[in-house]
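Here is the structure we will look at.
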Amino acid sequence: MQKKYQALHGTRDILPPESSLWQYIEAKVREVMRIYNYREIRFPIFEHTELFQRGIGESTDIVTKEMYTFKDLGGRSLTLRPEGTAPVVRAYIQHSLAKKAPVNKLYYLGPMFRQERPQKGRMRQFHQFAAELLGTLDPAADVEMIDLNLEVYRRLGLKNLKLYLNSVGCPKCRPQHRQKLLAFAKDKLPELCSDCNLRYTRNPLRMFDCKVETCQIILKEAPVMLDSLCHECREHFERVKQNLEYLEIDFELDDHMVRGLDYYTKTAFEIRSEELGAQDSLSGGGRYDLLVSDLGGEETPAIGFAAGTDRLIVAIESQKISYPSDEKIDIFIAPVGEEAKKTAMKLLFSLRRKGHSCEIDYLDRSLKAQMREANRLGAKKVIIVGERELEEGVYEVKDMQTGEQVRMPQAELKV
RNA sequence: GUGGGUGUAGCUCAGUCGGUUAGAGCACCAGGUUGUGGCCCUGGGGGCCGUGGGUUCAAUUCCCAUCACCCACCCCA
């Protein structure tokens with residue numbers, strides 16, 4: 001028996017009419033990006049594996065177990081992009097964008113790839129829209145990034161969102177906090193779960209992520225990053241908060257929020273939907289002031305965010321938000337008989353050249369069936385051309401909304 | 001990697017305490033109008049009941065395996 005091919009685990013086809021929703025969202029994203037003066041960057045789907053190892057961090061989950069890595073014919077190790085920030089920074093350095101302008105504002109949208117166990121709102125090929133702002137340490141940039149992200153959701157009419165804010169510090173203050181945290185947890189290790197014991201040695205901050213209730217209770221008392229920020233980080237964080245308050249953007253502090261990527265510094269934020277279930281994080285972002293230099297460029301402060309489009313789709317569908325559908329056509333041409341088909345084809349092509357979206361019957365169906373098809377397609381007008389019309393040199397033009405039908409000389413056709 | 005759930009028509013799902021031709025709604029096609037849509041009525045096409053094996057006179061139904069998908073853990077967008 002012939003094997004039935006199907007899309008790979010964690011990938012899926014986006015069919016009409018869902019594809020119109022995707023187009024709609026992408027159009028909104030581009031619209032907002034333009035308003036905020038971000039310009040599109042398109043970078044490759046795959047890069048040197050090393051770029052992601054260095055950029056994202058060797059010990060992160062993404063790098064250790066989630067990347068689609070393969071060798072090309074030349075034996076080089078390549079990886080399908082699991083995120084966009086590292087490639088953008090690579091391009092930023094490669095093309096010396098810093099020399100062309102002091103501040104660079106870039107956006108992108110497209111598929112990313114991570115080999116995880118798929119579930120609702122988490123595909124292996126998933127989609128993001130994202131922005132990066134490179135070249136400034138100004139807290140106003142942090143706020144702009146958050147507002148930009150929110151504005152996309154606002155324009156889509158998304159409700160029940162919550163903005164969470166944290167600061168993950170910098171290499172100056174992080175080690176101090178780490179010491180305090182380790183000291184705190186040391187004698188509590190027997191009470192903590194096995195995962196947390198592992199996190200304790202590998203990445204103690206991650207213990208905050210633990211979902212086990214007893215761990216949560218214990219870690220409630222644990223020293224948090226926010227209390228250990230160095231002067232510079234504290235100052236920065238205060239000004240970000242002030243600006244948000246001043247601009248009346250609601251947020252909630254989440255001092256347990258940790259970023260999964262190593263390059264984050266200072267501001268970290270996340271936008272969650274309250275009705276999305278387990279995968280409730282719609283987007284996340286933050287500062288990465290050291291990534292550019294880590295990847296070999298001049299030290300350049302930067303901030304960015306990435307939003308999951310697949311999850312956005314889930315949220316939009318669950319909130320039953322309406323969106324314009326592009327499925328309706330202007331004119332359906334219904335020929336009756338073989339001779340009429342020729343005239344109809346000619347008419348079809350000329351109308352299309354004038355920019356009308358038109359359709360014609362390809363199955364030589366009865367007029368009744370053609371009318372039904374026209375109705376299904378949402379045609380505003382139907383032009384009927386049969387033997388009778390050919391003889392008289394006219395078209396029957398029917399308005400599908402009103403049901404009115406008029407005959408018009410072919411030369412004077414107006415639609 | 002761990003746990004739970006589900007596989008029956010294109011879609012959403014009934015059903016078979018093991019027994020003749022396996023159902024509904026939606027969708028599709030046709031007719032009711034020999035050249036006119038939506039609503040309505042009538043009819044029709046479409047299923048190796050996920051796959052393989054076992055038990056049985058008999059399996060879509062029970063058992064086992066397997067695959068696929070979904071949800072959750074984990075992690076994140």
Side-chain angles (χ1 to χ4, degrees), chain A residues 1 3-12 15 56 60-66 81-85 109-130 149 193-196 198-199 203 206 209-212 257-261 264 268-273 276-286 304-315 332 334-337 340 361 363 365-390 396-405 407:
Chain A
M1 200 178 27
K3 181 182 176 181
K4 247 192 183 174
Y5 292 106
Q6 52 181 326
L8 285 163
H9 200 41
T11 70
R12 71 189 194 94
L15 307 171
I56 299 169
T60 58
D61 284 324
I62 294 179
V63 169
T64 55
K65 53 188 191 198
E66 293 174 1
R81 60 189 194 190
E83 58 102 49
T85 303
L109 42 94
M112 304 291 166
F113 307 84
R114 291 182 201 173
Q115 202 162 171
E116 297 175 273
R117 200 69 169 259
Q119 83 190 245
K120 196 180 179 69
R122 189 177 73 183
M123 293 279 116
R124 287 179 168 179
Q125 173 172 339
F126 62 107
H127 301 78
Q128 291 188 328
F129 59 90
N149 190 174
C193 71
S194 58
D195 279 341
C196 279
L198 205 71
R199 294 184 181 108
N203 190 349
R206 289 230 154 272
D209 272 349
C210 189
K211 297 286 194 295
V212 179
M257 181 171 69
V258 185
R259 304 273 67 191
L261 297 77
Y264 282 106
F269 67 91
E270 208 167 299
I271 297 169
R272 294 175 208 148
S273 165
L276 223 50
Q279 308 298 323
D280 67 343
S281 176
L282 273 180
S283 51
F305 83 89
T309 312
D310 309 73
R311 284 179 193 183
L312 178 55
I313 297 271
V314 174
F332 188 90
V336 184
D361 173 59
L363 300 171
R365 283 181 285 189
S366 68
L367 183 58
K368 183 192 174 99
Q370 294 194 58
M371 292 304 289
R372 195 163 44 230
E373 180 69 8
N375 187 63
R376 207 187 343 252
L377 294 172
K380 295 184 197 81
K381 297 266 173 68
V382 173
I383 299 175
I384 301 164
V385 39
E387 310 295 318
R388 300 208 291 255
E389 287 75 20
L390 284 184
E396 291 280 353
V397 179
K398 179 164 187 171
D399 184 307
M400 293 297 274
Q401 268 103 67
T402 64
E404 267 175 63
Q405 186 168 320
R407 40 185 29 208

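Reminder, nothing fancy here: chain letters follow the sequence lines and each chain counts from 1. Because only heavy atoms are used, hydrogens play no part in the values below, and waters and symmetry mates are left out as well, while side chains stay in.
- Nearest to the side chain of Lys120(A), among A72(B), G31(B), U36(B), sits A72(B).
- Spacing of P atoms, G3(B) relative to U66(B), comes out at 13 Å, to the nearest Å.
- For Lys398(A) against U36(B), a side-chain N or O and a base N or O form a donor-acceptor pair under 3.5 Å.
- For the OP1/OP2 pair of A27(B) and a distance below 4.0 Å, the side-chain nitrogens and oxygens of Arg376(A) include no atom meeting the criterion.
- Comparing the C1' positions of G54(B) and C73(B) gives an interatomic distance of 35 Å, to the nearest angstrom.
- Arg272(A) and Glu270(A) are joined by a salt bridge, as a carboxylate oxygen and a charged side-chain nitrogen come within less than 4.0 angstrom of each other.
- Taking 4.5 Å as the limit, every side-chain heavy atom of Glu373(A) sits out of range of all side-chain heavy atoms of Leu363(A).
- Shown here, G10(B) forms a base pair with C26(B); the pair counts as Watson-Crick or G-U wobble because both key distances fall under 3.5 Å.
- Asn375(A) is not listed as a side-chain neighbour of Phe332(A), based on a closest heavy-atom distance of 4.5 Å or more.
- For the P atom pair drawn from A65(B) and U6(B), the interatomic distance equals 16 Å after rounding to whole Å.
- Rounded to whole Å, the separation between the P atoms of C63(B) and U16(B) comes to 15 Å.
- Proximity of Arg124(A) to Leu8(A): side-chain heavy atoms (C-beta onward) are nowhere separated by under 4.5 Å.
- Taking only side-chain nitrogens and oxygens, His9(A) comes nearer than 4.0 Å to OP1 or OP2 of C69(B).
- Contacts of Ala306(A) with the nucleic acid, taken as non-hydrogen atoms under 4.0 Å apart, involve only primed sugar atoms and P, OP1 or OP2.
- As a whole-Å value, the separation of Gln370(A) CD from U36(B) P is 12 Å.
- The environment of Glu404(A) atom CD is sparse: at most 12 non-hydrogen atoms of other residues, nucleotides or ligands sit within 6.0 angstrom.
- Rounded to whole angstrom, the span from the CG atom of Leu363(A) across to the C1' atom of C28(B) amounts to 12 Å.
- Look at U60(B): it lacks any Watson-Crick or wobble partner with both distances under 3.5 angstrom.
- Within 4.0 Å of Arg372(A), counting heavy atoms only, lie sugar-phosphate atoms of the nucleic acid but no base atom.
- Between the side chain of Gln405(A) and the base of U36(B) there is at least one donor-acceptor pair of N/O atoms closer than 3.5 Å.
- Checked by distance alone, Arg388(A) brings a side-chain donor or acceptor within 3.5 Å of a matching partner on the base of G35(B).
- You'll find that the side chain of Arg122(A) is closest to A77(B), out of A77(B), G35(B), G37(B).
- Counted within 6.0 Å of NZ on Lys120(A), heavy atoms from surrounding residues, nucleotides or ligands total 12 or fewer; the atom is thus considered open.
- With both ends at atom C1', the span from C62(B) to U56(B) equals 10 Å, rounded to whole Å.
- U51(B): Watson-Crick or G-U partner is A65(B), with both key distances under 3.5 Å.
- Side-chain contact check for Phe305(A) versus Ile271(A): every heavy-atom pair is 4.5 Å or farther apart.
- Between G44(B) and G52(B), the two C1' atoms lie 35 Å apart (nearest whole Å).
- Met400(A) places a side-chain heavy atom less than 4.5 Å from the side chain of Val382(A).
- In this structure, Leu377(A) atom CG and A27(B) atom P are separated by 15 Å, rounded to whole Å.
- The interatomic distance linking Asn375(A) (CG) with G37(B) (P) rounds to 10 Å, in whole Å.
- One can place CG of Leu367(A) at 11 Å from P of G31(B), the figure rounded to the nearest angstrom.
- Gly337(A) comes within contact range of no nucleotide atom at all, as no heavy-atom separation falls under 4.0 Å.
- Using the Watson-Crick or G-U wobble rule with both distances under 3.5 Å, G18(B) pairs with nothing in any strand shown.
- Between the C1' atom of A27(B) and the CD atom of Glu373(A) lies a distance of 13 Å, rounded to the nearest Å.
- Map Pro118(A) and Ala307(A) each onto its nearest nucleotide of RNA chain B; the residue landing nearer the 5' end is Pro118(A).
- Looking at heavy atoms from C-beta onward, Pro82(A) lies out of side-chain contact with Gln115(A) at the 4.5 angstrom threshold.
- Two residues are said to be in side-chain contact when any heavy atoms from C-beta on lie closer than 4.5 Å; Pro335(A) and Gln370(A) meet this criterion.
- At the phosphate of A72(B), OP1 or OP2 sits under 4.0 Å from a side-chain N or O atom of Gln119(A).
- Nucleotide G38(B): unpaired (no Watson-Crick or G-U wobble partner with both distances less than 3.5 Å).
- Judged by distance alone, with hydrogens and angles left aside, Glu389(A) brings a side-chain donor or acceptor within reach of the base of G35(B), the pair sitting under 3.5 Å.
- RNA chain B is contacted by both Arg114(A) and Ala7(A); Ala7(A) maps to the nucleotide lying nearer its 5′ end (nearest heavy atom per residue).
- Across all strands shown, Glu83(A) has no heavy atoms under 4.0 Å from either base or sugar-phosphate atoms.
- With a 4.5 Å cut-off on side-chain heavy atoms, Arg81(A) and Pro111(A) count as touching.
- In this structure, C73(B) and G1(B) make a Watson-Crick or G-U wobble pair, each of the two defining distances being under 3.5 angstrom.
- Atom P of C13(B) sits at a distance of 10 Å from the matching atom of U8(B), rounded to the whole Å.
- Nucleic acid contact class of Ala130(A) (heavy atoms, under 4.0 Å, all strands): none.
- Look at CD on Gln6(A): it is 15 Å from P on G50(B), rounded to the nearest Å.
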Show each protein N/O and nucleotides 2-7 of chain B N/O combination with a separation under 3.5 Å, one pair to a line.
from  : atom 1 : to        : atom 2 : distance (Å)
U2(B) : O4     : Arg117(A) : NH1    : 2.9

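- One C1' atom belongs to G37(B), the other to C69(B), and the distance between them is 39 Å to the nearest Å.
- When the P atom of C74(B) is taken as reference, atom CD of Glu66(A) falls 14 Å away, rounded to whole Å.
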